[in-house]
Amino acid sequence: MFRQLLLAWYEKSQRKLPWRGATDPYHILVSEIMLQQTRVAVVEERYRQFIAQFPSAEKLARAKESTVLAAWSGLGYYRRARALHGAAKEVVRRGFFPRTAPELMELPGVGRYTAAAVASIAFGEPVAVVDGNVKRVIDRLISHKAADAGPVEEKQYWEIAGQLLDRQSPGDFNQAMMELGAVVCVPGNPLCAVCPVLELCASRGALPQPEKAARKKAIVQYSLCLKNGSVLLQQRPQNSSLMPGMWELPACSENNQKRQTSQPLMKLMHSITTTDYSVLVFAGNLRKGHWVPLKNVERSALTGLTRKILRKLKEGA
DNA sequence: GACCCGTGGTG
DNA sequence: TCACCAAGGGT
């Protein structure tokens, strides 16, 4: 009953998204990697652009890493871009696209979720996915059981999802579970009034307890150095754990009295993982780095913050 | 299992 | 404004 209700709802109510109906496993892989911890609204346009630029695994495999990172700029979690690039190379090296979940997991950047998603959606393998949406749906669906037994453990989510799975239409079923979590069984106030499986739900929307994560605050200062229509950029170290190899504005030295007393050109807030940054941008006159014409700066592998600053600068000018 | 990795939409 | 957090993976 659960399967029929969910699939019927999905068929009728699913959002139209650029990767819906895709049959090319490479396209599906790209969408799944992009969607890792990233909202659908952000991914939609970026997915179209990426597929237009790299329409096949062969094309992506042939591209330079800097080009791939530039295409990924602003999406965050840049390890994903490098891994996807590596996965494309691996597919080309093998000469075929892996067709089963265990084989897919051998590709860099492909874990249990992504392997199951690609295997079920592209190849119809009857394997369930578990992501944040699925966990929330399961939490609410069986809450009465979880009350005594304590929180559902990671392993149990996969077992329960596997039992719920419609083995005839695993790809649609998996997407339907995630769609339900994304648009109906949402974290805040779930829309139980329009839920297709309300009758089968143990909680009927009872809210999970909120948890808050501690965030750090920091101040960062950048120099905006312009010369002949070019901007000075510096590359982050390749061994940095944070945004390695990405390009950004040169930092202002903290003990520079002149910088601190002068008026900033721009002031903005920006969050990176668990830190909230107050960002100050000063006019500068540095020389160390790489001059990039503002006209072409979008072709560079900029950090998201750098893109934001340069975009704001453009709007203000 | 805990911790780290980015960003921008949202209420 | 600001806290929350999203179709996870790697270590």
Side-chain angles (χ1 to χ4, degrees), chain A residues 10 14-15 17-20 22 28-47 69 72-84 86-87 104-118 120-121 128-137 151 153-155 157-158 161 171-183 185-189 207-217 236 239-246 248 268-279 301-309 311-312:
Chain A
Y10 179 67
Q14 65 174 275
R15 293 168 292 178
L17 300 173
W19 49 88
R20 292 260 203 251
I28 294 169
L29 177 64
V30 170
S31 72
E32 292 299 342
I33 300 286
M34 275 195 181
L35 285 163
Q36 288 172 5
Q37 296 291 286
T38 307
R39 294 177 188 283
V40 165
V42 174
V43 170
E44 282 191 74
E45 185 54 26
R46 304 301 298 266
Y47 170 82
L69 287 172
W72 204 271
S73 170
L75 271 174
Y77 288 136
Y78 299 102
R79 182 188 301 170
R80 295 184 298 174
R82 292 191 171 89
L84 179 58
L104 284 158
M105 280 190 61
E106 294 173 11
L107 298 176
V110 177
R112 190 172 179 182
Y113 162 80
T114 304
V118 174
S120 63
I121 297 170
V129 300
V130 172
D131 74 333
N133 290 308
V134 173
K135 286 181 180 175
R136 187 169 54 255
V137 169
E153 289 175 24
E154 183 70 21
K155 188 180 167 192
Y157 284 117
W158 290 93
D172 280 348
F173 178 88
N174 283 333
Q175 293 182 83
M177 284 286 279
M178 295 189 283
E179 187 83 354
L180 186 69
V183 305
C185 197
V186 292
N189 297 319
L207 300 177
Q209 76 300 342
E211 292 177 26
K212 52 180 87 174
R215 298 188 63 79
K216 290 171 283 189
K217 293 185 188 302
R236 297 177 60 82
N239 61 3
S240 167
S241 68
L242 190 66
M243 302 176 286
M246 302 297 285
E248 62 185 356
L268 54 95
M269 295 295 299
H270 186 76
S271 298
I272 299 178
T273 60
T274 60
T275 305
D276 295 327
Y277 291 94
S278 298
V279 184
L302 306 175
T303 68
L305 173 54
T306 305
R307 300 177 102 230
K308 194 194 274 189
I309 291 170
R311 200 182 309 144
K312 245 182 119 164

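Reminder, nothing fancy here: chain letters follow the sequence lines and each chain counts from 1.
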Value in whole Å for how far the [atom2] atom of [N] lies from [atom1] of [X]:
X	N	atom1	atom2	answer
A/L75	B/dC5	CG	P	18 Å
A/Y10	C/dA7	OH	C1'	11 Å
A/Y277	B/dG8	OH	P	15 Å
A/M246	B/dG6	CE	C1'	10 Å
A/K135	B/dG1	NZ	C1'	11 Å
A/Y157	B/dG1	OH	P	11 Å
A/L302	B/dG6	CG	P	15 Å
A/R136	C/dC4	CZ	P	16 Å

Set of residues satisfying side chain to side chain contact (heavy atoms under 4.5 Å, CB included) with respect to [X], sequence neighbours excluded:
X	answer
A/E153	A/Q156
A/A115	A/A101, A/L104, A/M105, A/V110
A/L242	A/R236, A/S240, A/I272
A/Q14	A/Y10, A/R20, A/E179

One should read off an interatomic distance between A/R311 CZ and A/K308 NZ, to the nearest 0.5 angstrom, of 8.5 Å

With the threshold set at under 4.0 Å for non-hydrogen atoms, list the residues of residues 175-183 of chain A touching DNA chain B in residue-number order. none

Under 4.0 Å between any heavy atoms, over every strand shown, what does [X] touch: base, sugar-phosphate, or nothing? Just pick one.
X	answer
A/W19	base
A/R20	base
A/M243	sugar-phosphate
A/S241	sugar-phosphate

Not counting sequence neighbours, which residues clear side chain to side chain donor-acceptor pair (under 3.5 Å) with [X]? List them please.
X	result
A/R82	A/E65
A/N133	A/D131, A/R136
A/W19	none

Mind checking the C1' distance from B/dA2 to C/dA7? Whole angstroms is fine. 22 Å

Distance, P atom - from B/dG8 to C/dG9, rounded to whole angstrom: 22 Å

What heavy-atom pair brings A/V134 and A/A161 nearest, and what distance separates the two atoms? CG1-CB, 4.3 Å

Given side chains that start at C-beta, do those of A/I121 and A/N174 come closer than 4.5 Å, heavy atoms only? no

What residue pairs, at least two apart or across chains, pass salt bridge (charged side-chain N to carboxylate O under 4.0 Å, His left out) with a residue in residues 31-40 of chain A? none

Closest-nucleotide mapping onto DNA chain B: is A/E153 or A/R307 further toward the 5' terminus? I mean the 5' end. A/E153

Please tabulate, for the side chains in residues 73-81 of chain A, all donor-acceptor contacts under 3.5 angstrom to protein atoms that are two or more places apart in sequence or on a different chain.
from, atom 1, to, atom 2, distance (Å)
A/S73, OG, A/L302, O, 2.7
A/S73, OG, A/R307, NE, 2.9
A/Y78, OH, A/G74, N, 3.1
A/R80, NE, A/Y77, O, 3.4
A/R80, NH1, A/I33, O, 3.1
A/R80, NH1, A/M34, O, 2.9
A/R80, NH1, A/Q36, O, 2.9
A/R80, NH1, A/T38, OG1, 3.0
A/R80, NH2, A/T38, OG1, 3.4
A/R80, NH2, A/L75, O, 3.1
A/R80, NH2, A/G76, O, 3.1

What does the list of N/O pairs under 3.5 Å between the protein and nucleotides 8-11 of chain C look like, with a distance for each?
from, atom 1, to, atom 2, distance (Å)
C/dG8, OP1, A/G132, N, 3.4
C/dG8, OP2, A/Q37, N, 2.8
C/dG8, OP2, A/Q37, NE2, 3.1
C/dG8, O3', A/T114, OG1, 3.4
C/dG9, OP1, A/G111, N, 2.9
C/dG9, OP1, A/T114, N, 3.0
C/dG9, OP1, A/T114, OG1, 2.5
C/dG9, OP2, A/Y113, N, 3.4
C/dG9, N2, A/R79, NH1, 3.4
C/dG10, OP1, A/G109, N, 2.7
C/dG10, O4', A/R79, NH1, 3.2

Pick out the pairs of N or O atoms, protein on one side and nucleotides 9-11 of chain B on the other, that lie under 3.5 Å.
from, atom 1, to, atom 2, distance (Å)
B/dG9, N2, A/R39, NH2, 3.3

